[in-house]
Every structure is written in C-alpha cells, then in structure tokens.
Amino acid sequence: MPELPEVETICIGLRNGIPEQPSIIGNQISEAHVLWNRTIKEPTVEKFVSKIQGQEIIEISRRGKFIVMRLSHDFLIIHLRMSGDLFYRRNFESPATHDRVIFKFKDDGYLVFNDTRKFGRIWLVVDDNEVLGGLGLEPFDPSLSGLELYKMLQRRSTQIKKLLLEQSFLAGIGNIYADEALHLARLHPLTLSNQIDIDSAEVLLRSIRSVLQDGIRHHGASIDWVYKGGDFQNYFKVYKRTGLPCRQCSTLIERIAVGQRSTHFCPNCQKQE
DNA sequence: CACGAGACCTGTTCGC
DNA sequence: TGCGAACAGGTCTCGT
C-alpha cells in the first residue's frame, strides 16, 4: 500500500491522532511481541525486544517511505513495503490475522504492525543514518529546484520511469505516483533521463509534487483489500486504468512493463520523442 | 543502479 | 464452478 502519501498519512495520524485513535507521542513502550521474526531486520529479535522496553516515543517523522520514530535512546524505523500497516489498537485479547509485531504501551493500548505479505521490515538503531543514509532528496525538499533536477537527470541515461522508482534518486515515489506524475508531465515512461530538457524537468518536478500533494490531501490511495485510509484511487489518471479512455483526450490507456513493474500511460498525451 | 530474473510472501482476480 | 496463472503499493541479491 505505501508510497510517500500513504506513509505520510499514517505518520500524521500516529503523531496527531485521528478519530478513534489518540496521538501516541509520549507513550512508553512496556513490551514488544514479535510474531514473525524476519520482520525485525536489526538487531536480533531478542535484543530488539529487550532494548525497546521502557523507551518513550518522542517524535514521529517520515523519510522517503520509512516511518521514523525517535525513542528515548534509539530510533525505531519501519518500512511497510507492499502490504504493511501501522495503527493504534485500544485493546485486544489475541493477535489478529497478519499481526507481525505488537508494541504494548505502559498506560493504554497497543501499536500494531500488521503485514499480510510479510515484506515489511523494522529496525531499532542508535544511528538512523545507517538505515536512511542511502536515500535521495525528498521531493518536497526546498533545495530541489527544476534546474537541480535537470542536472540530476543529465547525469543518468536511464528510462525516466525506472529512475523515479530509485529511492537513491528521489525518496518516496512508488509505482502509482511515478505513473501519475509522468502523465501529468506529459512524459513517456521510456524517455531517457538525459534527453529531458530543462523546461520538461521543471514541469516534471511540479508534476511530482502535485500528484504527491494530491495523494496526501486524499489521505493516500486505497486499492483492493489493502489499506482503507484514503480515496486517491478515485482520481487516478492512468494507474490501473488500462483500456479505459484518458481523462484528457479519450485515447485508451496502455500498459507496458518497465523494469518488471507495470506501467500505465496515455500514448497520445505521453509521446516518446 | 546496467539490466533481468528470482526471491521474499499472501491473497485476489483473471482466463480458460 | 474449478483451477492454475497472473498480478499486487517494494526492495534485495545474484548472475551476466
């Protein structure tokens, strides 16, 4: 489920609270139960459980698609991968289906990491840079300009769709928002990055920010049975719209594979140079 | 990070 | 209806 807007939505909810869920800032973790060992990437499960005990949640932020929780002594970092979700549960008798890690709060309630496909990963580290250090700029970083993006694109000669999915290039964009941003920017997904001129680079940056902002405003996208938070899926222009008419020009949306990821685009709006 | 294939997983949907 | 294949919001790793 999670790309930048979905992760951002989850972070905001945990930090500020939402109906039914209080903010978890300031809560003290009394114990952690790990139900699927491979979810814990670092340290070992035993050390994870013992080290996290008694730590307080000081701050919650997002970096790329990672949820970063600053605790009293360590950083608790969570990546939801394909099917992970993180939410507050007031009480429960036994774990629900697909619960992988459960954090019990000293005073009230639980923080639950639920992950159908078991791809999600959790780290408990002193230095968050160890996990986040390889990430590229945040798309909303004020220091990122159209000119800077243009220079970054010039240094590579990769299909733009693949480049947008590289987390070391820009952090947080996934398959949905890459397709949506390229459609808005009128760029064919196979366009080579170093063939994008300065004007197109500026349009691309505005498009990336626009679709991500829209995603956040709609509390993310909810597809199928995974994640039921937002409604951005109702505003997709190309993603999962294969064979349907483009909302701009009525040409039928096509689907191709790019780097083994399904890629949706309008062959009329997004012509290859 | 050049590129593709396979792995990691479970569940839903598609095609015959 | 049944059944296997294809596909799913993401990374990793290995082989070439």
Side-chain angles (χ1 to χ4, degrees), chain A residues 1-11 35-42 62-67 77-86 95-101 113-123 130-137 139 152-182 189-190 192-194 208 211-212 214-216 218-243 255-264:
Chain A
M1 97 202 201
E3 299 181 38
L4 188 153
E6 290 75 28
V7 177
E8 180 70 14
T9 299
I10 288 171
C11 285
L35 303 161
W36 181 253
N37 285 348
R38 298 193 62 172
T39 299
I40 307 302
K41 183 75 176 175
E42 201 186 321
R62 177 194 58 73
R63 178 79 172 91
K65 300 171 191 171
F66 292 85
I67 296 166
I77 303 178
I78 299 170
H79 197 303
L80 305 172
R81 292 282 177 91
M82 292 289 264
S83 60
D85 200 358
L86 190 65
T97 314
H98 307 134
D99 282 355
R100 306 304 180 198
V101 180
F113 177 70
N114 185 283
D115 181 22
T116 304
R117 293 179 68 181
K118 299 178 175 172
F119 290 166
R121 292 294 180 265
I122 297 179
W123 295 255
E130 179 188 333
V131 179
L132 309 173
L135 293 175
L137 286 178
M152 290 162 61
L153 293 169
Q154 286 300 117
R155 282 182 222 125
R156 302 285 296 274
S157 58
T158 312
Q159 295 162 341
I160 186 61
K161 166 66 188 277
K162 292 179 68 176
L163 199 49
L164 291 183
L165 294 179
E166 267 186 39
Q167 301 303 296
S168 56
F169 186 76
L170 288 177
I173 301 168
N175 211 31
I176 292 176
Y177 295 90
D179 282 5
E180 294 297 317
L182 289 174
L190 298 179
L192 296 182
S193 60
N194 57 356
I208 289 168
V211 296
L212 293 175
D214 282 352
I216 293 169
H218 288 283
H219 308 295
S222 316
I223 299 176
D224 306 329
W225 40 281
V226 186
Y227 183 65
K228 306 159 289 293
D231 66 339
F232 189 60
Q233 69 280 4
N234 299 325
Y235 302 90
F236 290 166
K237 301 283 204 320
V238 287
Y239 187 80
K240 276 223 165 169
R241 298 197 68 246
T242 311
R255 177 182 175 282
I256 58 174
V258 181
Q260 285 140 259
R261 306 302 303 279
S262 77
T263 296
H264 315 72

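Note that the structure is a prediction, hence the values are computed from the model and not measured. Computed from heavy atoms alone, side chains included, the values below leave out hydrogens, waters and symmetry copies. In the text below, chain A, chain B and the rest are named by the order of the sequence lines, each starting its count at 1.
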Length of the CG-C1' vector between A/Leu170 and B/dC1, whole Å: 15 Å
Whole-Å C1' distance, C/dG10 and B/dC1: 16 Å
Backbone N/O of A/Gly230 and side chain of A/Ser222: donor-acceptor pair under 3.5 Å: yes
Pairwise P distance for C/dG9 and B/dC14, with rounding to whole Å: 15 Å
Derivation of the side-chain hydrogen bond (donor to acceptor under 3.5 Å, both in side chains) call for A/Asp231 and A/His218: CA-CA 6 Å; A/Asp231 66 339; A/His218 288 283; 3.1 Å; yes
Residue-phosphate contact under 4.0 Å: A/Tyr239 side-chain N/O, C/dG9 OP1/OP2: yes
P spacing across the pair B/dT10 / C/dT1, given as an integer number of angstrom: 28 Å
Below 4.0 Å: OP1/OP2 of C/dC12 and any side-chain N or O of A/Lys41: no
A/Ser168 side chain to A/Gly134 backbone, donor-acceptor under 3.5 Å: no
Nucleotide C/dG9, atom C1' - distance to NE2 of A/His264 in whole Å: 11 Å
Residue mapping more 5' on DNA chain B - nearest nucleotide basis, A/Gln260 or A/Ser168: A/Ser168
Pairwise C1' distance, B/dC9 and C/dG2 [rounded to whole Å]: 24 Å
Any strand: nucleotide that pairs with B/dG6 via Watson-Crick or wobble, under 3.5 Å: C/dC12
Short side-chain N/O contact from A/His98 to OP1 or OP2 of B/dC9, under 4.0 Å: no
Rounded distance in Å - CZ (A/Phe66) to C1' (C/dG10): 10 Å
Ring-on-base stacking B/dC9 with A/Phe119 (under 5.5 Å, under 30°): no
Heavy-atom closest pair, residues A/Ile78 and A/Leu86: CD1-CD2, 3.6 Å
Presence of A/Arg261 side-chain N/O under 4.0 Å of C/dC7 phosphate oxygens OP1/OP2: no
Touch class at under 4.0 angstrom, heavy-atom based, for A/Arg38 against every strand present: sugar-phosphate
Closest to the A/Arg81 side chain, choosing from B/dT10, C/dG9, C/dC12: C/dC12
side-chain N/O A/Gln167 vs C/dG10 OP1/OP2, d < 4.0 Å: no
Nearest-angstrom distance from the residue atom CD of A/Gln159 to P of B/dC3: 7 Å
Touch class at under 4.0 angstrom, heavy-atom based, for A/Phe169 against every strand present: nothing
Polar side-chain atom of A/Arg63 near backbone of A/Lys65 as donor-acceptor pair, under 3.5 Å: no
Residue pair A/Gly220 / A/Thr9: nearest heavy atoms and the distance that separates them: N-OG1, 3.8 Å
A/Lys162 side chain, from C-beta outward: closest of B/dG4, C/dG10, B/dG11: B/dG4
Protein-nucleotide distance (A/Asp85, atom CG; B/dC9, atom P), rounded to Å: 20 Å
Distance in angstrom units between A/Met82 CE and C/dC7 P, rounded: 13 Å
Closest listed nucleotide, where the reference is the side chain of A/Thr158 and the choices are C/dA8, B/dC3, C/dG9: B/dC3
side-chain N/O A/Arg117 vs C/dC7 OP1/OP2, d < 4.0 Å: no
Phosphate OP1/OP2 of B/dT10 contacted by A/Lys118 side-chain N/O (<4.0 Å): yes
Sugar-phosphate, base or nothing in reach of A/Arg155, heavy atoms under 4.0 Å: nothing
side-chain N/O A/His79 vs C/dT11 OP1/OP2, d < 4.0 Å: yes
Pairing nucleotide - C/dA6, Watson-Crick or G-U, each distance under 3.5 Å: B/dT12
A/Glu166 CD - B/dA2 C1' separation (whole Å): 10 Å
Full working for ring pair (Phe, Tyr, Trp, His ring centres under 6.0 Å) between A/Phe232 and A/Tyr239: CA-CA 11 Å; A/Phe232 189 60; A/Tyr239 187 80; over 10 Å; no
Atom pair distance, as rounded to whole Å: CD in A/Glu42 and P in C/dC12: 13 Å
Side-chain N or O of A/Ser262 closer than 4.0 Å to phosphate OP1/OP2 of C/dA8: yes
